[in-house]
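For reference, the structure is listed below as structure tokens.
Numbering of residues begins at 1 and proceeds along the displayed sequence. All of these numbers come straight from a predicted model, not from anything done at the bench. Counting convention: from 1, in listed order, for ligands and their atoms alike.
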Amino acid sequence: MRRLLLLTSLTFAGFTSFSQSPLSAKIDQKSKALEPKVIEWRRDFHKNPELGNREFKTAEKIAAHLKSLGIEVQTGVGHTGVVGLLKGGKPGPVVALRADMDGLPVTERVDVPFKSTVTTDYNGQKVGVMHACGHDTHISILMGVAEVLASMKSDLKGTVKFIFQPAEEGAPEGEEGGAKLMIKEGVLENPKVDAIFGLHINSQTEVGKIGYKPGATMAAVDFFSIDVKGKQTHGAYPWSGVDPIVTSSQIVMGLQTIVSRNLDLTKAPAVVTIGAINGGIRQNIIPEEVKMIGTIRTFDEDMHVKVHKRITEIATNIAESAGAKADVKIGILYPVTYNDIPLTEEMIGTLKDVAGKDNVKLVPAASGAEDFSFFQQKVPGFFFFLGGMPVGKDPLTASAHHTPDFYIDDSGMLLGVRSLSRLTVDYMEKKTKK
Ligand SMILES: [Zn+2]
Ligand SMILES: [Zn+2]
């Protein structure tokens, strides 16, 4: 997940009936009793982070824990993924809960006893590895939920599928991975999942608070590259060549007009960013070629299509006007993280009950992305944000996700365990009542 989230107070009148499972009180007690264990797990995962598709030890620890609870376990799903199946004693729906497991190539700077000192080779560079997005807390929360729900197995009205997913941040080059690969390998089938829940901890949201948004909640992401080919010449005689640097500069400026001039921003926001531009090797040589790469974020399908079309038109036409050639490639990475509206409306009462009404806030859509979106394309899903910032800290001074100073307070996880456990049993309660 790549984003900045600040809680704002909007109002959402849409939530309807709230039915609480009789297991609620037991969940709260059991979760509280488990909190020290969840913290211990989290510190261990934090100290020993592993990159996407390489979560070998992480997966081993998860599988051992699930087995110790008597949960059926499948390993090696989508490379290192672990899937646990807990069959309740009563008939009912299949609820999937998902936690992502991967760390990031970031060198930790936070001074905590469980600081990561792990290093690895990443694309030929020696880098630190860190749980700089908080996925260590997601794993630990879901291990806690598994223990809570396993303790009330005979009373559960349905089945719980625990999905521990590798490589949310993207698989290594040339490999498949993440939610998409797990789905391809059948994680949503046998038994077929009826609904899926997931959460993301947030370093800029206070512990105890929950943020959510029905509908489009995080952006769709596309990757694009533009290669601008000119004609190489001496830097002193530009008229005898075609300068791809000047042409690329015009293209970069031209791309800025897509969001500002071509999109109806009253419908949804959008972002077009050039993240790297490379060309040339020496001050007095105009090079033959410049290469640019960038990212696109959209929340609306029509806008998605329009952005693609405009990038291609702008780049190729500006290049043509300069006598150069632009080769544009656009790849679709992640779809929109879309919270099923009826499911969100149905379940928000549970979160308000668990966290306290005033601690659950509607948040604006975030321009980061989540591969949880792939699950939501297949089954109704609800994904929300959980506070991990120490109480009283100014969110504007709290370090963002994916940075060396990223910090999550352990005390935020208890609400995560309670929330996912309660969403599961309340959902089962609703579906078996009808
Ligand atoms: Zn992330
Ligand atoms: Zn993340």
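In summary, no N, O or S atom of H138 is located under 2.8 Å from the Zn ion (ligand 2). Taking 2.8 Å as the threshold, H135 does not count as a candidate ligand of the Zn ion (ligand 1), since none of its N, O or S atoms lies below it. The nearest N, O or S atom of H401 is not closer to the Zn ion (ligand 2) than 2.8 Å.
Aromatic rings of F382 and F384 (six-membered ring for Trp) have centroids within the 6.0 Å cut-off, being under it. Side-chain rings of H200 and F385 stay apart, their centers remaining 6.0 Å or farther from each other.
Counting non-hydrogen atoms of neighbouring residues, nucleotides and ligands closer than 6.0 angstrom, the NZ atom of K378 reaches no more than 12 such neighbours.
Ion pairing between a basic and an acidic side chain is recognised when a charged N comes within 4.0 Å of a carboxylate O; K180 and E176 show no such pairing.
Nearest to the Zn ion (ligand 1), among the N, O or S atoms that E169 has, is OE2.
When all heavy atoms of P244 and E289 are compared, the closest pair comes out as CG-N, 3.9 Å.
Angle SG(C133) to the Zn ion (ligand 1) to NE2(H402): 110° [nearest 10 degrees].
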